[in-house]
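Let me begin by presenting the structure, written as structure tokens, before commenting on it.
Everything quoted here is computed from the prediction, not taken from an experiment.
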Amino acid sequence: MTDTQRRGRRIMMTPGELDAFLAEQRTCRVATVGGDGAPHVGALWFAWDGAALWLYSITRSKRWTQVRRDPRIAVVVDDGHEYGELRGVELSGRAECVGEAPRTGETCAELDVPERLFAQKYFGTTAMPHDGRHAWLRLTPDSVVSWDFRKLPG
């Protein structure tokens, strides 16, 4: 699933810490590549299923257009205010569209788990509301780098 993290092994998250962190955080920043090669970064809500990051994006957004043209993305989820509290994860790879776009709720077994996780996390329900404006992007990361400065001595 991921490259081995070489730098910062002392402060990297364990798999369990990574799963817990991604389950509790609410906002990520997604970087896409424009047609001219320029980066574009925007915030999104997400769900993590233990293997993939699921992004629920508006299909008429700049992000959606860029991902459809060039699926390479990087995503950062971070937290902390003081230096010794900083922690986060960077995931990168290629995003792929799953289900219909825009999503209207047609049966799609691949979306059962991410939609349940997303609905619980953001709406406090088990049923995913569909607005006909959003669709799912799945990032199964090629690379995951994490840090937790709370692990630094002193």
Legend entry - Any side-chain heavy-atom pair of Val30 and Phe46 under 4.5 Å: no
Inset, instruction - Would you give the length of the straight line joining atom NE2 of His130 to atom OG1 of Thr104, rounded to the nearest 0.5 angstrom? - result: 7.5 Å
Inset, instruction - Mind listing the closest non-hydrogen atom pair of Thr27 and Ala43 along with its distance? - result: CG2-CB, 3.9 Å
Legend entry - Short N-O contact, Arg103 and Glu115, less than 4.0 angstrom: yes
Legend entry - salt_bridge(Arg150, Glu82) N-O dist < 4.0 Å: no
Legend entry - Polar contact flag, side-chain donor to acceptor under 3.5 angstrom, Arg63-Thr32: no
Inset, instruction - Would you check if Tyr56 and Leu44 make a side-chain contact, meaning some heavy-atom pair closer than 4.5 Å? - result: no
Inset, instruction - With side-chain contact (heavy atoms from CB on, under 4.5 Å) as the test, would you mind laying out the steps for Leu111 and Val98 before giving the verdict? - result: CA-CA 8 Å; Leu111 293 175; Val98 178; 3.8 Å; yes
Inset, instruction - Kindly compute the distance separating CG (Asp148) from CD (Glu85), expressed to the nearest 0.5 Å. - result: 10.5 Å
Inset, instruction - Taking atom CZ of Arg72 as the centre, report whether more than 12 heavy atoms of other residues, nucleotides or ligands fall under 6.0 Å from it. - result: no
Legend entry - Gap separating the CG atom of Leu91 from the CD1 atom of Ile73, nearest 0.5 angstrom: 8.5 Å
Inset, instruction - May I ask you to test the Arg10-Leu152 pair for a side-chain heavy-atom distance under 4.5 Å? - result: yes
Legend entry - Same apolar cluster (I L V M F W Y, side chains within < 4.5 Å links), Leu55/Val113: no
Inset, instruction - Output yes when Glu24 and Arg87 qualify as a salt bridge under the 4.0 Å nitrogen-oxygen rule, no when they do not. - result: yes
Inset, instruction - Check the pair Gln25 / Asp79 against side-chain contact (heavy atoms from CB on, under 4.5 Å), numbers first and verdict last. - result: CA-CA 8 Å; Gln25 296 302 311; Asp79 189 39; 3.8 Å; yes
Inset, instruction - Examine Phe149 together with Tyr83 and report whether their ring centres are nearer than 6.0 Å. - result: yes
Legend entry - Heavy-atom side-chain contact between Arg138 and Thr140 under 4.5 Å: yes
Legend entry - Contact summary for Asp142 and Gly93, nearest pair of heavy atoms: OD2-CA, 3.5 Å
Inset, instruction - Kindly give the heavy-atom pair with the smallest separation between Ser92 and Leu139, and that separation in Å. - result: C-CD1, 4.0 Å
Inset, instruction - With the side chain counted from C-beta on, respond yes when Trp54 and Leu117 share a heavy-atom pair under 4.5 Å apart, and no when they do not. - result: no
Legend entry - Smallest separation among heavy atoms of Ser146 and Leu18, with atom names: CB-CD1, 4.1 Å
Legend entry - Distance in Å, Arg116 CZ paired with Lys121 NZ, rounded so as to fall on 0.5 Å steps: 13.0 Å
Legend entry - Reported OG-to-NZ distance for the pair Ser57 and Lys62, which is rounded to 0.5 angstrom: 13.0 Å
Inset, instruction - Show your reasoning for whether salt bridge (charged side-chain N to carboxylate O under 4.0 Å, His left out) applies to Glu90 and Arg29. - result: CA-CA 10 Å; Glu90 178 190 23; Arg29 283 175 288 289; over 6 Å; no
Inset, instruction - Hey, could you give me the NZ/OG1 distance between Lys151 and Thr14, rounded to the nearest 0.5 Å? - result: 5.5 Å
Inset, instruction - Would you please name every residue forming a side-chain hydrogen bond (donor to acceptor under 3.5 Å, both in side chains) with Arg68, sequence neighbours left out? - result: none
Inset, instruction - Using a 4.5 Å cut-off on heavy atoms from C-beta on, say whether the side chain of Val76 contacts that of Val89. - result: no
Legend entry - Trp48 and Phe118 aromatic centres sub-6.0 Å: no
Inset, instruction - Specify the closest pair of heavy atoms between Gly80 and Leu86, including all atoms of both residues, with the distance to one decimal. - result: O-CD2, 3.7 Å
Inset, instruction - Could you tell me whether the side chain of Met128 reaches within less than 4.5 Å of the side chain of Tyr122, counting heavy atoms only? - result: no
Inset, instruction - For residues Trp64 and Cys97, determine if any side-chain heavy atom of one lies less than 4.5 Å from a side-chain heavy atom of the other. - result: yes
Inset, instruction - Can you label the angle between the Phe123 ring and the Trp45 ring as parallel, tilted or perpendicular, going by 30° and 60°? - result: perpendicular
Inset, instruction - State whether the side chain of Gln66 and the backbone N or O of Asp70 hold a donor-acceptor pair below 3.5 Å, judged by distance alone. - result: no
Inset, instruction - Determine the minimum heavy-atom distance between Pro141 and Ala51, stating which atoms define it. - result: CD-O, 3.5 Å
Legend entry - Heavy-atom donor-acceptor pair, Glu100 side chain to Gly105 backbone, under 3.5 Å: yes
Legend entry - Thr65 (side chain) donor-acceptor with Ser61 (main chain) under 3.5 angstrom: yes
